[in-house]
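The sequence lines fix the lettering, A, B, ..., with proteins before strands; numbering per chain opens at 1.
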Number of protein chains: 2
Amino acid sequence: MGPLLSDRSRDILEAIIEEHIATAEPVGSKAITQRPSIGLSSASVRNVMSELEDSGFLTSPHTSAGRIPTDKGYRYYVDSVLKVNRLNRQQKTQIEAHYRNRGLQMGDLLRETSRTLSAMAHYTGLVMIPRIKSTVFRHIEFVKLSSRKILAVFVTQSGLVQNRLIEHDEDLSHHDLEQITNYLNQTMAGLSIREAQALILSQMAKEKALYDHLLQRAFRLSQVALDDATGGDVIIEGTSHLFEQPEFNDLERMKRIFQTFEQKRALINLLDLGLQAKGVRVLIGSETEHSEISGCSLITSAYYGKAGTLGTLGILGPSRMPYSSIIPIVDYTASLISRMLEDDSE
Amino acid sequence: MGPLLSDRSRDILEAIIEEHIATAEPVGSKAITQRPSIGLSSASVRNVMSELEDSGFLTSPHTSAGRIPTDKGYRYYVDSVLKVNRLNRQQKTQIEAHYRNRGLQMGDLLRETSRTLSAMAHYTGLVMIPRIKSTVFRHIEFVKLSSRKILAVFVTQSGLVQNRLIEHDEDLSHHDLEQITNYLNQTMAGLSIREAQALILSQMAKEKALYDHLLQRAFRLSQVALDDATGGDVIIEGTSHLFEQPEFNDLERMKRIFQTFEQKRALINLLDLGLQAKGVRVLIGSETEHSEISGCSLITSAYYGKAGTLGTLGILGPSRMPYSSIIPIVDYTASLISRMLEDDSE
DNA sequence: CTTAGCACTCTTGCCTTTCGAGTGCTAACC
DNA sequence: GGTTAGCACTCGAAAGGCAAGAGTGCTAAG
């Protein structure tokens, strides 16, 4: 896909984009001629640039200011031109160093991953916390906080801890809770949450007939505890890096971006899109269909545990981003923590 | 304390500060004379302003630009002039509305509180998560994730859930862990963490003599689980409000502030200062001794659970802040969630 | 002690000018 | 034919100048 361009047009588009990525300035025809790979005069380059503008790959801020890539331009570049670097030994070591010497539990591991991404890329790091539904049951516990309030604490195979407060209209004794806990832990051991939920529903129908009071309670509690209503959260780190980018010199724009960070909803939706995709996914500018972060690109990849896809992680930065070096960072980090999460649950 | 000023100087300082808070501009002598409370000519006001500048309460950005309060000026104002408003019915209802209709567990409650503070004040809300040490033990659970890894999940009286990954060199069976769990839950029920830790230490000494293998393990595990090394965290909400303030039009400054938000360390230290203090505490500009957030003020208050002080919460905004309306917001919110946390553990 | 008056200072906004970068077009060149 | 030198043109950025306005400090009179 992507419209076909002549070799020459492609080379010049590549040169313009790379120059723009390096300088953050609109690039003129003269700058291009100075590249060894282009053996043309500035006049010829101008002709090509004019064509590229007509077909929507470039745009000019004003008449006499050189040209900058459009989202379409970046898209073509990423899809058809870009050659992704491989990480060198040193970079890999640098990433791995973030995880050395610590027994990190799931939550901390994900936070550290977001930090790693942000530190390596000098942009903002994003890590989506796994949806409960995509995890495997390990352990559940009901702790009685007061006569009406029960805290359900729930641990997944990969060590993610979730908890939910349940208001119960009936006073269950410690002993009752213990029995419920034991029963549920035995019954649901090793099930995926999806399976567990199905089991609960079918059992609830049955138990109504059997009229076993305690079991009824057990299933009702576990149903609430495993309910996924809270729906996803995302860990954002390294937001201050955005201040370093000249394209974010605009306070109004920064405000909108940070509002988006705070609401998280929109980010979660964007990250969700990457759940199914294989490998690294690049969303450029308006493709995010979220005007609040226009001018930004999002590089994401899914990460996995033993039970399959857990979530996505990625980097948010300006569209003017050195894709060739950012993409492998996301790729390597995703596969690294996937490996860690798979090993973990042995 | 606070240097003594004549009534007149005090009135004029008050007028200048309130005018500056309202307009965000340097205020000149003429603006002051228009206030009904000041029955003086601009010339007289100028004389007083000159004195106030000499004694360090005011400063002028340049010769012909009116004057703005210094940190010392704000400090005097807050300590000796300010009359704090009371919240009206509507504001209280507004705050309470944030907590209606939801069974919020501890973590969510604190996050919601940070949101509430930020929404009510239009500045950034901060809530410190309680240090383990200042809480009461409720429940502990050890979940075996793999042969070497044990996840310790630990619930406090107020429903705060903490977890820690323990790498253990010995393969404990599920049955062992269950016994350990039961024993510890019985032994430590109702103790404060401080007491529990003391108990663990003394028992560990004893058990060495008694040579009970399982108990030794139990105490060693619980020691690690209750270790407070992670030390505090703070929930920050509403950072985007800062963009609305004219004094934060400076990108370089914003960057420093957001870096401070990311590191959190400095914020935690500042919030810690408010742990002992009774009532609302105001830190103005340079008093924070943290140049990164110079020009900011921090209004904090401690909040309580049944077992005493849990942590502090507050609002971060520009020094030019309507203290009279912000202080009661912090005050009321702190007492409101304290009440909720006390009730909770009945 | 207060205040009117006034000279002085400095910023702000606005206008003009200049400069330079970059373009598009045309005509000459290979 | 494609390619390129040359050139007029456009437009923004930077610099300078000017007037307006706000605010001050000082002085002298009330």
Could you check whether any side-chain N or O of [X] sits under 3.5 Å from a backbone N or O of [Y], counting only pairs where one atom can act as donor and the other as acceptor?
X       : Y       : result
K92(B)  : L87(B)  : no
T312(B) : T300(B) : no
T33(B)  : S42(B)  : no
S118(A) : T124(A) : no

Review point. Could you state the CG-C1' distance from L52(A) to dG22(C), rounded to the nearest angstrom?
Key: 16 Å
**Study point:** For atom CD1 of I32(B) and atom C1' of dT3(C), their distance in whole Å
**Key:**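 Taking atom C1' of dT3(C) as the reference, CD1 of I32(B) is at 17 Å.
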Review point. Can you list the steps and then say if I284(B) with Y323(B) is a side-chain contact (heavy atoms from CB on, under 4.5 Å)?
Key: CA-CA 11 Å; I284(B) 296 166; Y323(B) 296 93; 4.0 Å; yes
Review point. Hey, do the aromatic rings of F258(B) and F243(B) have their centres closer than 6.0 Å?
Key: yes
Point to revise | End axis versus end axis in the helix from dC1(C)-dG30(D) to dC30(C)-dG1(D), the angle rounded to 10°, five pairs used at each terminus | key: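 Between the first-five-pair axis and the last-five-pair axis there is 20°.
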Review point. Excluding sequence neighbours, so at least two apart, what forms side-chain hydrogen bond (donor to acceptor under 3.5 Å, both in side chains) with R320(B)?
Key: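 Per chain and number, R320(B) pairs via side-chain hydrogen bond (donor to acceptor under 3.5 Å, both in side chains) with Q245(B), E247(B).
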Study note, to complete from the structure: A correct 5'-to-3' footprint of nucleotides 15-30 of chain D, with B, S and - meaning base, sugar-phosphate only and no protein heavy atom under 4.0 Å, is -------BSBBB----
**Study point:** R8(B)/D11(B) ion pair, N-O < 4.0 Å
**Key:**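 So R8(B) does not pair with D11(B) through a salt bridge.
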